[in-house]
Amino acid sequence: MGLPKTHRLKKRQDYRAVYEQGIRRYSPHLTLITLDRNHNQELNDIPEIKVGISISKKVSKKAVIRNRIKRQIRSAIMVNWQLIAPGAQIVIVVKPKAIKCKYEHFLRELEELLK
RNA sequence: AGAGUCAGCGAGGUGGUUGCAGAUUUGUCCUAGAGGCAGAUUUGAGGAAAGUCCGGACUCCCGAAAGACCAGACUUGCUGGGUAAUUCCCAGUGCGAGCGAUCGCGAGGAUAGUGCCACAGAAAAAUACCGCCAAUUUAAAAGGAUGAGGGCGAAAGGAUCAGGUCGGAGGAUAAUUAUUUCCUCAAUCCUUAUCCCUCAUAAUUCAUCCCUUGAUUUGGUAAGGGUGCAAAGGUGCGGUAAGAGCGCACCAGCAGUAUCGAGAGGUACUGGCUCGGUAAACCCCGGUCGGGAGCAAGGUCGGAGGAAUUAUGGUUGGUCUUUUUCCGAUUCCGAUUUAAGGAGAACCGCAAGAGGUGUUUGGCAACAGACAUCCUAGAUAGAUAACUGCCCUCAACUCAAACUUGUUUUGAUGCGAGAACAGAAUCCGGCUUACGUCCUAACUCUCUCU
């Protein structure tokens, strides 16, 4: 299950904003950073949920493995989509230990983090 | 049949559902856009996409006006060919490895010159330390050589071997001595062409032949001397006082001539005999060369800020001159224009190319030409995945059988597995490295049969 482009965090500024102002929550293999934006009720302007995944070369030097972990996390997010607050901007940082994790691990940890 | 060598192809196939990205297209929405939403069709990783080690295309900047010479830089360096180009490829040469198919090689010059060669060794590019030989002087008398026999408590070589205590021999130290402390040596067997068998020893000899031996000085010699990467061609025979390419044969090397070849080189003959290594030391010869940065190149659009204009833009904008108004000046906001350009990684560059496939011509080949045909990823926090039907395969797993009881062979089936290395980032050509398995073609060696 993939994540459409409109729900992806793309720009460098957005990442910086989330890193500087977001709330951090930790699990053994992941770090979740959330930023709730104040949306204007009068204009009825609810921004999209945006999710970004950060995985460094420290996790693995091989691009195949990094891409696979990204896909698994994206899929896990789509499963837990209802738990995310509307308009939130989320960055998920993958820790180096996560190289041994399977899909079920990510699913469980994300469920815990998003509660 | 077995064991190998080498080249090439592929990286399970074909459908379905869901999802992601691109392209085309339809509908719809509005804020009318590089727009959102929904649908349809279609496309979507590799042989190495990797390492970024080379070579180019392409783009911009600097320089120059394209030629010659000098200087400089680089090192691509056996020959010939191929290519856009190369450190690549093909065909050969030489050397090395292999019975062979075949494989490997940074492969110009050390006889252009300069330098360096640690340690060891007598000596590191011509030196005479030892040795050998001749002669001179002097001293000594009985030795030397060969053969037979003997010795293995000495010496050399080899093999094997655990430690402690007492005692022994030699040495050192302190000390008047007694004695103290420390170190070394002595194990067994075998072999010997060396050594030893007159010196009183382990061995307690014999035969034949010769005339010498020590020292000093002078000269000859490059055969021998444990070293070293390397000792001034190698082996053998002759020769000599002793020696020496001094002479001869074969081999290695060098030079010349002839001949074959396009060339690297090959072959034959002749000659004087003959000169280590290092060029990834400087260097010589040959070859190549505008320099630099790299798609985050570069271009387009261009926000903010800047400049200029605005008699009639401002329901009376603010401030100043003026009692107030008008008028004027200045400033702010807005509008218009504009040079430059840095935000926005927006758009282009960016997917038709030194392209692929097939046939054919030339060429041993790399490759080149002609004709036909095909269009085949384009993301940018970066798309390829998940599940599943059928077919195919069976390395591992499971099950069964066989005897040669094994990491064996054969077979079967599947609620099993389909894997290894690994993910495009401007694009090509190479190289290198990683990689489970399968298939095809050619060739070599060994064995068996005809």
Side-chain angles (χ1 to χ4, degrees):
Chain A
M1 300 290 280
L3 194 66
K5 248 183 178 180
T6 50
H7 292 300
R8 292 184 196 176
L9 207 56
K10 286 192 174 181
K11 298 186 178 178
R12 195 175 195 85
Q13 287 181 338
D14 299 339
Y15 272 87
R16 204 182 301 138
V18 175
Y19 280 133
E20 289 174 358
Q21 303 168 28
I23 301 163
R24 288 163 194 263
R25 304 186 64 182
Y26 303 95
S27 77
H29 301 110
L30 301 172
T31 300
L32 185 78
I33 309 174
T34 317
L35 177 65
D36 288 318
R37 287 179 297 182
N38 301 320
H39 45 268
N40 197 333
Q41 292 286 352
E42 296 178 0
L43 291 176
N44 200 19
D45 177 24
I46 302 172
E48 305 276 3
I49 295 170
K50 298 258 188 186
V51 178
I53 300 162
S54 173
I55 175 166
S56 77
K57 284 191 178 177
K58 286 181 189 174
V59 178
S60 173
K61 283 188 176 179
K62 294 176 181 176
V64 176
I65 294 174
R66 293 201 302 272
N67 285 343
R68 192 180 62 225
I69 292 174
K70 274 191 212 172
R71 277 199 303 271
Q72 289 173 343
I73 290 178
R74 272 194 216 117
S75 173
I77 283 177
M78 290 306 284
V79 171
N80 293 312
W81 194 248
Q82 299 301 321
L83 296 173
I84 303 174
Q89 286 189 327
I90 292 174
V91 172
I92 296 165
V93 180
V94 181
K95 297 182 181 178
K97 284 181 186 174
I99 189 169
K100 290 177 182 174
C101 288
K102 291 184 179 175
Y103 175 65
E104 292 76 27
H105 292 97
F106 291 127
L107 200 61
R108 212 178 307 131
E109 289 197 7
L110 271 177
E111 210 172 330
E112 288 290 320
L113 287 171
L114 289 169
K115 275 182 181 174

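Excluded from the calculations below are hydrogen atoms, water molecules and symmetry mates; all remaining heavy atoms, backbone and side chain alike, are included. Within every chain, numbering begins at 1; the chains are lettered A, B, ... in the order of the sequence lines, protein sequences first and strands thereafter. Keep in mind it's a predicted model, so treat the numbers as computed, not measured.
Base pairing annotation: B/rA365 forms no Watson-Crick or G-U wobble pair, as no partner gives both donor-acceptor distances under 3.5 Å. Under the Watson-Crick or G-U wobble criterion, with both distances below 3.5 Å, B/rC387 is paired with B/rG16. A 3.5 Å limit on both hydrogen-bonding distances identifies B/rG256 as the Watson-Crick or G-U partner of B/rC269. The partner of B/rU235, taking Watson-Crick or G-U wobble pairs whose two distances both stay under 3.5 Å, is B/rA249. Under the Watson-Crick and G-U wobble criteria, each requiring two contacts below 3.5 Å, nucleotide B/rA120 is left unpaired. Across all strands shown, B/rG72 forms a Watson-Crick or G-U wobble pair, both distances under 3.5 Å, with B/rC289. Across the strands present, B/rU448 finds no partner; the criterion is a Watson-Crick or G-U wobble pair with both atom distances under 3.5 angstrom. Under the Watson-Crick or G-U wobble criterion, with both distances below 3.5 Å, B/rU357 is paired with B/rA372.
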Could you go over nucleotides 419-423 of chain B and give all protein N or O partners under 3.5 Å, atom names and distances?
| unit_1 | atom_1 | unit_2 | atom_2 | d |
| --- | --- | --- | --- | --- |
| B/rA422 | OP1 | A/Lys62 | NZ | 3.3 |
| B/rA422 | OP2 | A/Lys62 | NZ | 2.9 |
| B/rG423 | OP2 | A/Ala63 | N | 3.4 |

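The side-chain contact (heavy atoms from CB on, under 4.5 Å) search around A/Lys95 returns A/Tyr26, A/Thr31, not counting sequence neighbours. Remark: A/Gln72 pairs with A/Arg68, A/Tyr103, A/Phe106 by the side-chain contact (heavy atoms from CB on, under 4.5 Å) rule, at least two apart or across chains. Scanning for side chain to side chain donor-acceptor pair (under 3.5 Å) contacts around A/Ser27 gives A/Glu109, with sequence neighbours left out.
Between A/Lys70 atom NZ and B/rG382 atom P there is a gap of 6 Å when expressed in whole angstrom units. Rounded to an integer number of Å, the gap from A/Ile53 CD1 to B/rA385 P is 17 Å. Atom CD1 of A/Ile90 and atom P of B/rA381 are 19 Å apart (whole Å). Computed from coordinates, the A/Arg68 CZ to B/rA385 P distance equals 12 Å when rounded to whole Å. Rounded to a whole Å, the CZ atom of A/Arg66 is 17 Å from the P atom of B/rA385.
Residues A/Arg74 and A/Ile53 meet the side-chain proximity criterion, which asks for heavy atoms closer than 4.5 Å. Residues A/Ile73 and A/Ile55 form no side-chain contact, since every pair of their non-hydrogen atoms from C-beta on lies 4.5 Å or further apart. Counting heavy atoms from C-beta on, the side chains of A/Ile90 and A/Ile77 never come closer than 4.5 Å.
Between the P atoms of B/rU405 and B/rG4, the separation comes to 24 Å (whole Å). Distance check on atom P: B/rC333 versus B/rG306 gives 9 Å, rounded to whole Å. Across B/rU325 and B/rG303, the matching C1' atoms stand 44 Å from one another, rounded to whole Å. B/rA45 and B/rG15 have their P atoms separated by 14 Å, given to the nearest Å. On the P atoms, B/rA175 is 40 Å away from B/rA202, given to the nearest whole Å. Of the P atoms belonging to B/rA281 and B/rG108, the separation is 15 Å, rounded to the nearest Å. Taking atom P in both B/rG317 and B/rC326, the straight-line distance is 10 Å, to the nearest Å. B/rU76 and B/rU444: their P atoms are spaced 40 Å apart (whole Å).
Anti is the conformation of B/rA120, whose glycosidic angle sits further than 90° from 0. Under the 90° criterion around 0 for the glycosidic angle, B/rU376 counts as syn. Taking 90° from 0 as the syn/anti boundary, the base of B/rG245 is oriented syn. Taking syn as a glycosidic angle within 90° of 0, B/rG342 does not qualify and is anti.
Note that CG of A/Leu30 is 9.5 Å distant from CD1 of A/Ile69, once rounded to the nearest 0.5 Å.
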